[in-house]
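Indexing begins at 1, ligand by ligand and atom by atom, following the structure's order. All residue numbers in this chain count up from 1 along the given sequence.
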Amino acid sequence: MDFQISYSGDLRGATTLQQLYKITEADFYHIRELGKFMLPQMDQLVHTWYEWLKTQPEYEQFFSDEQILHHAQKMQRIYWQQFIEAELDERYVESRRKIGETHARIGLSMTMFFAGMSIFHELFLKSMGQRDLSLQEQMETIDAVSKLLHLDTGIV
Ligand code: HEM
């Protein structure tokens, strides 16, 4: 049987995406508050994420070149810094599209990209657990982080 796969890029803009994922100003506030706490730990968080990636076959497959590894690590730190700044505008959306294109170009599976996001989600939760928040604030923060992570992953 013949399958023809066609893809037409989804070009929704920042405002439409924000509405689609029901992201409110309160969500941005919760992400930025968590971000203030996470920023000093960012290098360590990305390092922990790469420790996870090292246990996967994709690490050897994609990072045979030391320079590519350094580039990807540096860019990933910038990625999460942008995430916790939570300024969802056209520039943000465009940067996520470019990152999606990069990973598509190198042939990384969506399974691995999603898994990577899921591991970072866990790191967000661990950071949040170190803060003194009420249960209500914790739930709101998790919800806000999840929404923006889903939006990002959807674009990528
Ligand atoms: C949480 C999920 C991930 C995020 C947020 C992320 C983020 C990024 C960013 C921001 C870049 C730079 C893109 C550019 O220069 O255009 C990049 C490059 C790269 N990423 Fe990822 N990445 C993720 C998952 C992965 C995984 C699972 C792999 C598997 C090995 C991977 C391998 C690479 C490689 C090889 C590059 C360099 C590509 C090149 O410049 O040729 N990434 N990543």
Side-chain angles (χ1 to χ4, degrees), residues 5 7-18 20-23 27-131 138 140-156:
I5 301 171
Y7 172 74
S8 61
D10 186 322
L11 293 175
R12 285 180 173 91
T15 311
T16 313
L17 285 168
Q18 186 181 337
L20 191 61
Y21 286 85
K22 294 186 189 289
I23 300 176
D27 290 322
F28 290 137
Y29 169 80
H30 286 300
I31 294 170
R32 287 180 198 134
E33 285 300 299
L34 178 60
K36 282 184 210 160
F37 182 79
M38 282 179 84
L39 190 59
Q41 310 174 15
M42 197 50 84
D43 284 1
Q44 183 55 44
L45 292 171
V46 172
H47 175 78
T48 306
W49 187 89
Y50 271 91
E51 288 298 304
W52 161 76
L53 190 58
K54 274 185 196 160
T55 65
Q56 305 302 317
E58 280 78 0
Y59 185 83
E60 298 291 333
Q61 187 187 343
F62 291 99
F63 292 126
S64 52
D65 181 329
E66 189 80 357
Q67 262 188 323
I68 295 181
L69 175 65
H70 284 302
H71 170 73
Q73 285 176 328
K74 187 185 96 190
M75 296 306 279
Q76 194 165 141
R77 281 195 290 273
I78 296 172
Y79 182 99
W80 293 114
Q81 277 162 21
Q82 279 176 345
F83 185 93
I84 59 180
E85 279 166 16
E87 292 293 346
L88 178 55
D89 54 17
E90 299 311 328
R91 217 164 50 100
Y92 184 96
V93 173
E94 189 48 36
S95 79
R96 270 45 186 157
R97 283 209 178 101
K98 286 230 169 74
I99 292 158
E101 280 166 15
T102 300
H103 290 94
R105 176 174 52 76
I106 64 171
L108 182 74
S109 69
M110 287 210 291
T111 303
M112 272 314 282
F113 194 86
F114 277 48
M117 291 301 255
S118 179
I119 297 295
F120 228 94
H121 190 231
E122 204 174 72
L123 296 173
F124 270 107
L125 296 195
K126 282 201 182 125
S127 275
M128 194 194 65
Q130 295 164 9
R131 292 171 70 210
Q138 285 187 34
E140 287 171 4
T141 304
I142 295 172
D143 193 39
V145 167
S146 302
K147 284 194 254 182
L148 192 56
L149 274 181
H150 287 144
L151 182 148
D152 269 29
T153 313
I155 304 172
V156 167

Side chain to side chain contact (heavy atoms under 4.5 Å, CB included) between Leu88 and Phe28: does it pass, once the steps are laid out? CA-CA 9 Å; Leu88 178 55; Phe28 290 137; 3.8 Å; yes
With a heavy-atom distance limit of 4.0 Å, tell me whether [X] approaches ligand 1 through its side chain, its backbone, both, or neither.
| X | result |
| --- | --- |
| Arg105 | side chain |
| His71 | side chain |
| Phe63 | side chain |
| Ile119 | neither |
| Tyr59 | neither |
| Ile78 | neither |

Applying side chain to side chain contact (heavy atoms under 4.5 Å, CB included), run through Tyr59 and Tyr50 and close with a yes or a no. CA-CA 9 Å; Tyr59 185 83; Tyr50 271 91; 4.2 Å; yes
Name the closest protein heavy atom to atom 24 (C) of ligand 1, giving the residue it belongs to and the distance to 0.1 Å.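 Checked against all protein heavy atoms, atom 24 (C) of ligand 1 sits closest to Trp49 CH2, 3.6 Å.
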Check whether more than 12 heavy atoms from other residues, nucleotides or ligands sit under 6.0 Å from atom [atom1] of [X], and answer yes or no.
| X | atom1 | result |
| --- | --- | --- |
| Arg91 | CZ | no |
| Arg32 | CZ | yes |
| Gln67 | CD | no |

Of all the atoms in ligand 1, which lie at a distance below 4.0 Å from a heavy atom belonging to Ile68?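 Going through ligand 1 atom by atom, the ones under 4.0 Å from Ile68 are 35 (C), 37 (C).
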Ionic contact status for Lys54 with Glu51, cut-off 4.0 Å: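 Judged by the 4.0 Å cut-off on N to carboxylate O distance, Glu51 and Lys54 do form a salt bridge.
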Within the 3.5 Å criterion, strictly below it, is a donor on Gln138 or Arg131 matched to an acceptor on the partner's side chain?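 There is no such pair between these side chains.
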Is it the case that Asp152 and Tyr92 place a side-chain donor and acceptor less than 3.5 Å from each other?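 Present: a donor and an acceptor within the cut-off.
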Before giving the answer on side chain to side chain contact (heavy atoms under 4.5 Å, CB included), spell out for Leu45 and Phe124 the whole-Å C-alpha distance, their side-chain angles and the decisive distance to 0.1 Å. CA-CA 9 Å; Leu45 292 171; Phe124 270 107; over 6 Å; no
Can you tell me how far the CE atom of Met38 sits from the NZ atom of Lys36, to the nearest 0.5 Å?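 These two atoms lie 14.5 Å from each other.
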Which is closest to atom 34 (C) of ligand 1 by heavy-atom distance: Leu53, Ile106, Leu69?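 Looking at heavy atoms only, Ile106 sits closest to atom 34 (C) of ligand 1.
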Quick one: how many protein N/O/S atoms are under 2.8 Å away from atom 21 (Fe) of ligand 1?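 There are 1 of them.
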Arg96 to Tyr79, cation-pi by 6.0 Å centre distance and 45° axis angle: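 The answer is yes, since Arg96 meets both limits relative to Tyr79.
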State if Phe120 counts as touching ligand 1 under the rule of any non-hydrogen atom under 4.0 Å.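 Flag not set, Phe120 not near ligand 1.
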